[in-house]
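Note on naming: letters A, B, ... go to the chains in the order of the sequence lines (proteins, then strands), and numbering restarts at 1 for each one. The figures that follow rest on heavy atoms only: side chains count, while hydrogens, waters and symmetry mates do not.
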Amino acid sequence: MFEARLLQGGLLKKVLDSIKDIITEGNFDCSPNGLSLQAMDSSHVSLIDILLESEGFEHYRCDRNIPMGLNITNLVKMIKCAGSEDIVTIKCEDKPDNVTFLFESKDNDKISDFEMKTMTIDDEHLLVPDQTYTAVVKMPSAEFQRLCRDMAAIGDTVNISVTKEGVRFSTTGDMGTANITVRPNPSGDQKEEERTEVQITEPVSAGFALRYLNSFTKATPLSPTVTLGMVPNLPIVVEYKIADMGHVRYYLAPKIED
Amino acid sequence: EGSQETLDFYFLDV
């Protein structure tokens with residue numbers, strides 16, 4: 001039996017909105033310590049890693065690990081019926097043929113329940129190793145979203161180069177080139193979440209497809225900051241922390257110079 | 001431009 005009650009149902013909408021352009025179905029792994037999902041897009045160029053820890057739920061019961069295969073597109077349609085202030089409860093049996101979603105309005109004057117069939121999805125066996133990153137950049141998520149959008153107007157690939165001076169985003173296209181350098185501003189009197197911070201043990205520079213980075217920025221509403229992790233010749237990780245709950249992480253394979 | 005790698009090389013647990 002699995003039952004999880006989330007007071008801020010709007011959070012679930014934001015999480016689903018942050019992945020719906022990348023995957024159409026996914027196996028949610030319900031385990032005693034939380035709800036997680038790991039899935040690659042159809043081209044295997046990007047991977048999504050979601051974790052919603054059990055502590056973030058108002059009530060959480062999970063007797064044993066349950067793979068809950070769901071069609072993301074249908075899930076998004078169904079969750080649209082919930083108000084963003086609704087309390088959402090997710091329930092299913094141990095060998096679930098279907099999952100029930102319960103939406104309770106804030107002042108409890110409207111209760112809706114939806115039942116969705118589960119699907120059997122044979123996952124590739126993914127293993128995302130814990131990685132220490134030689135360059136970690138934490139910056140305002142809205143700024144990163146704006147930057148990726150502006151760069152995509154000019155080129156398809158952005159080269160991200162991190163040194164202790166800061167992060168330089170460069171792109172080239174038919175109309176020309178664009179470079180944006182973001183400098184760390186630790187001294188600034190900005191709030192914590194408006195600062196750009198760079199921790200670096202080794203400079204790193206790599207190229208990534210802007211199309212994917214732009215789809216990752218759909219997670220911007222989840223967190224005021226975004227963290228980029230880079231290691232030479234490895235995929236980049238783009239992480240949006242969900243306060244007191246977990247994270248949505250995206251991994252993107254680099255483009256290799258021919 | 002460079003060519004796009006996939007994540008299979010890095011994350012597929014074969």
**Q** Going by ring pair (Phe, Tyr, Trp, His ring centres under 6.0 Å), name the pairs with one or both residues in residues 217-253 of chain A, residues two or more places apart or in two chains.
**A**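 Checked against ring pair (Phe, Tyr, Trp, His ring centres under 6.0 Å) - neighbours excluded - the pairs reaching residues 217-253 of chain A are A/Phe216-A/Tyr250, A/Tyr251-B/Phe11.
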**Q** Would you tabulate the side-chain donor-acceptor contacts of residues 67-76 of chain A under 3.5 Å, counting partners in other chains and residues two or more places apart, or write 'none'?
**A**
| unit_1 | atom_1 | unit_2 | atom_2 | d |
| --- | --- | --- | --- | --- |
| A/Asn71 | OD1 | A/Thr73 | N | 2.8 |
| A/Asn71 | OD1 | A/Asn74 | N | 2.7 |

**Q** Under 3.5 Å, which donor-acceptor pairs link side chains of residues 199-210 of chain A to any protein atom two or more places apart or in another chain?
**A**
| unit_1 | atom_1 | unit_2 | atom_2 | d |
| --- | --- | --- | --- | --- |
| A/Thr201 | OG1 | A/Thr134 | O | 3.2 |
| A/Ser205 | OG | A/Asn159 | OD1 | 2.9 |

**Q** Donor-acceptor pair, distance only, cut-off 3.5 Å: does the side chain of A/Thr225 make one with the backbone of A/Met139?
**A**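 Side chain of A/Thr225 to backbone of A/Met139: no pair is present.
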**Q** Tabulate, in ascending numerical order, the residues of residues 25-47 of chain A having at least one heavy atom closer than 4.5 Å to a heavy atom of chain B, or enter 'none'.
**A**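 So the qualifying residues are A/Met40, A/Ser43, A/His44, A/Val45, A/Ser46, A/Leu47.
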**Q** Check this for me: does any side-chain nitrogen of one of A/Arg146 and A/Asp150 sit under 4.0 Å from a carboxylate oxygen of the other?
**A**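 Yes, A/Arg146 and A/Asp150 are salt-bridged.
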**Q** What are the two closest heavy atoms between A/Pro184 and A/Lys164, and how far apart are they?
**A**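 Nearest heavy atoms, A/Pro184 then A/Lys164: CG-O, 4.1 Å.
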